[in-house]
Amino acid sequence: MSRDSNNVLLRQQYTGEPRQAAHAFYQARGLYFGLVPDTTDPAQQLLEAVLVRTLARPHPQIPAPAAAGTFFGLRGVSPDLDTLVLWPHPDHLPQLLGCILPVRTDSGIAGVPGLRARRHPSRTDTLLLARPGHRAHLTLRARPATLQQAEDHILAASLEPLWSARTPQPGERQAWDRLAGTLPPEETALWSRALRRAGLHTTQTPDWSRTAPEPGQLDGPKPQRIAARPVGPAGGPARGIIAVTSSRGQGGLGCTTTALTIAGALARTGATVAFLGADDPNGLHRTLGSATLQPGQWHDLLPDLPGPGALRGMILSPSAPDAPALLADAARRHDTVVLDAGNVYQLRHLAGQADAAVVLTDLDPEVWGRTEILDRRPAWVQMWDWLNTRYLTARARARDPHSQLLGFLDETFETYVWNRLSDDNPDVYDADDPADTAAWWDDFQPDFEDEDDEPLLMPQDIDAEVLDLWRQGFLAFLAREGAARHPDTWDAVAAVWIDHNRNLDLPGGEDDEALTDTVLREAAPAATARWGEQTWQEHHPRWAAADGRTRKDSLAPWRHLIEETIQPADPAATARFLLAHLDAPEDTPIAVAIAHVDNTLADEQHHLADIRDALRAEGIGALTVLPDLPAPAEREDELQALTHPSAQEAAAANHLALVVADLLATRTPS
């Protein structure tokens, strides 16, 4: 039997997956990430851990399937770098879904809180499982009709299924936090590995109802044979030219960082990779920190890369007449060429010669969707919070000279604090530079009117004694210039500013009775209309009588009842926006990568699937969302970090590399 066949059979032994799935993995990945890889994404690891722990410790009213020859009703799994396919036993699907999807019981929420299931965007026999607003996801080989069977199964037990609601239901976020909070990182990794090696336990599942899996239980028969090592994919590495460019030729989207991330991840799989970038000080020059790079010469970017993989770089001048020939030569000498086509000043004109392209674009958040705040706190708590905000805003808008200068110091001290946190520099400005001094003090505009003033909040994670020392140093630095510029108010302001700033985020003070009366008088009509006359009459006197600390601290026990809900925009409208702003090479398979979408909507897997459907109908091969990756030049070990898996960064690199490999593998040969 060939080595390849042995590896496929060994993977099946660990995973329990069908032979064709094990063969497909080995064809595409080889052993560079291990024959049965663990996930490198902490969010993915946590979701997998919570799911298998839920199966091992189900709610008494919703037992997990106990089918012989299965792992809690699963025949097997197909683990990839940061994805996982679940292969259920068809006779136990309703019970399996009823156990892992969220259900409201008399004693709380069972299953995986927040988990939702929908049809997979590209397969009719597969469900996509994800929590709204989270990038981690699983796929389950089951038809959508199975969801109705699972719902019937739960209703027959007189319980309430929650998974039909698109947004999280009351209590789901708290239930998830409690469940996830009981899993320390080392235990999370073991639970996730247990699921990814489900085939080891289909004959006899260990009892994990009270204890977590132990490493020895998950080693399997040949742990050394499944470890990562430089054995290339059976089908060979991805071959061709991949261009990374921006949608409309604009800069600032991170094309160079994305291109290097892809190149590094591909090189780690054993491919020989060429990276071609423009003669641009913000490109390869900056990344390598070298001014000696000469256009047209190859440079070994990762000389210590283990295995047969390699990453070499060359700088091309955008105006060089031989640039197309150099690109073609790079393709002949390497498995994969990654072209940093970037913006209009780089190598964008060469993108049309690529076999596939990753096109970075930005997206108006309103087109993408929105996050809504769901406030489930009691009416009086909401009203107190509302009154606190109105009080702080009214206090910030006081316009007498004394208050104006206090407010200016508050605002500038906030900036000073954040600056000290970033660089520990105690200088407010250069006191020896008259222009710098004047520029700082000239920001004080006593006649400036802004009806949208918001109260300033100091950072909450700084030691109070340290913050007081910074206040003293800040005031001492300003004292001489402040007295000269504000002779009528400085002494009085300086005498009270430290105490004033210390209580800046407190909605009350010793001398606030007049302001409190004004706030209450102006707030009464709106408050009674919103919360009712009874709530207003009962609770506003208590708020008025409380001091500032009580007003603030009384809200803390109710904070967990404020929940965020995901409200994605119409996926068809989002797809139309992306297409309208897409200027990509013609007749080239492309993946659209949305950059800098740093919020929960960016991780909304169900919403992404809907947009992918709409884009696929228009010929767009893939859609992905990029986190804000640090540029290689900003890392301590620079380019070496491209080949070292670590948390979200490695997960993004692996994902991009797989997207590229799929594009190159599925393209139509010219």
Side-chain angles (χ1 to χ4, degrees), residues 387-433 436-448 450 453-516 518-519 544-556:
L387 287 172
N388 287 352
T389 301
R390 289 180 69 94
Y391 177 90
L392 288 169
T393 302
R395 189 173 70 183
R397 288 175 178 167
R399 295 302 174 187
D400 61 275
H402 184 275
S403 297
Q404 291 166 3
L405 189 53
L406 279 173
F408 175 68
L409 294 181
D410 291 335
E411 182 178 352
T412 51
F413 181 69
E414 183 189 35
T415 303
Y416 170 84
V417 168
W418 289 113
N419 287 342
R420 288 209 63 168
L421 287 174
S422 63
D423 58 20
D424 200 33
N425 183 2
D427 290 339
V428 182
Y429 49 78
D430 186 354
D432 295 327
D433 183 346
D436 191 38
T437 302
W440 190 90
W441 282 97
D442 286 349
D443 280 342
F444 177 61
Q445 301 291 336
D447 297 326
F448 178 73
D450 185 355
D453 281 347
E454 292 291 340
L456 298 172
L457 300 178
M458 286 293 102
Q460 300 298 308
D461 55 351
I462 305 178
D463 184 83
E465 293 183 1
V466 171
L467 204 56
D468 267 348
L469 288 174
W470 288 3
R471 289 186 179 102
Q472 294 167 18
F474 176 77
L475 199 62
F477 184 95
L478 299 177
R480 180 176 178 180
E481 196 72 28
R485 290 175 178 268
H486 302 279
D488 296 332
T489 55
W490 179 260
D491 288 344
V493 166
V496 301
W497 177 77
I498 289 179
D499 286 337
H500 160 83
N501 186 261
R502 188 183 293 124
N503 295 320
L504 182 64
D505 60 343
L506 296 181
E510 295 179 357
D511 301 319
D512 73 335
E513 291 185 10
L515 185 57
T516 295
T518 300
V519 168
D547 61 23
R549 180 63 63 183
T550 301
R551 290 179 184 176
K552 180 182 180 182
D553 291 349
S554 296
L555 305 178

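Values below: every heavy atom of this structure, side chains too, minus hydrogens, waters and symmetry copies. Because the structure is predicted, anything quoted here is derived from the model rather than measured.
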Is there a side-chain contact between [X] and [Y] (heavy atoms, below 4.5 Å)?
{"X": "Thr412", "Y": "Phe474", "answer": "yes"}
{"X": "Arg551", "Y": "Tyr391", "answer": "yes"}
{"X": "Val417", "Y": "Glu414", "answer": "no"}
{"X": "Leu555", "Y": "Asn388", "answer": "yes"}
{"X": "Trp440", "Y": "Glu481", "answer": "no"}

Which heavy atom of [X] sits nearest a heavy atom of [Y], and at what distance?
{"X": "Trp497", "Y": "Leu475", "value": "CE3-CD1, 4.1 Å"}
{"X": "Gly482", "Y": "Trp441", "value": "CA-CH2, 3.5 Å"}
{"X": "Asp443", "Y": "Phe408", "value": "C-CE1, 3.9 Å"}

Next item on the list: Calculate, to the nearest 0.5 Å, the distance between atoms CZ and CH2 belonging to Arg480 and Trp490 respectively.
Entry: 13.5 Å
Notebook entry, point to check: What distance separates Gln472 CD from Leu467 CG, expressed to the nearest 0.5 Å?
Noted result: 10.5 Å
Next item on the list: Starting from the C-alpha separation in whole Å, work towards a yes-or-no answer on side chain to side chain contact (heavy atoms under 4.5 Å, CB included) for Arg390 and Thr518.
Entry: CA-CA 10 Å; Arg390 289 180 69 94; Thr518 300; over 6 Å; no
Notebook entry, point to check: side-chain contact (heavy atoms from CB on, under 4.5 Å) with Ala545: which residues, sequence neighbours excluded?
Noted result: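 For Ala545, no residue satisfies side-chain contact (heavy atoms from CB on, under 4.5 Å) once neighbours in sequence are set aside.
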Note to self: I'd like to know whether the aromatic ring centres of Phe413 and Tyr416 sit less than 6.0 Å apart in this structure.
What the structure shows: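 Judged by ring-centre distance (under 6.0 Å), Phe413 and Tyr416 do meet the cut-off.
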Checklist line | Passing candidate, side chain to side chain contact (heavy atoms under 4.5 Å, CB included) with Asn501, options Asp410, Val496, Leu409 | finding: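 For Asn501, the side chain to side chain contact (heavy atoms under 4.5 Å, CB included) test succeeds with only one of Asp410, Val496, Leu409, which is Asp410.
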Notebook entry, point to check: Run the side chain to side chain contact (heavy atoms under 4.5 Å, CB included) check on Phe444 and Gln404 step by step: do they pass?
Noted result: CA-CA 9 Å; Phe444 177 61; Gln404 291 166 3; 4.1 Å; yes
Notebook entry, point to check: Between Asp436 and Asp430, is there a donor-acceptor pair closer than 3.5 Å when you use the side chain of the first and the backbone of the second?
Noted result: yes
Next item on the list: Check salt bridge (charged side-chain N to carboxylate O under 4.0 Å, His left out) between Asp468 and all other residues, then give those that pass, not counting sequence neighbours.
Entry: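 With sequence neighbours excluded, Asp468 shows a salt bridge (charged side-chain N to carboxylate O under 4.0 Å, His left out) to Arg471, Arg502, given in chain and number order.
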Checklist line | Sequence-distant partners of Thr550, side-chain hydrogen bond (donor to acceptor under 3.5 Å, both in side chains), two or more places apart | finding: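 Once residues adjacent in sequence are excluded, the partners of Thr550 under the side-chain hydrogen bond (donor to acceptor under 3.5 Å, both in side chains) criterion are Asp547.
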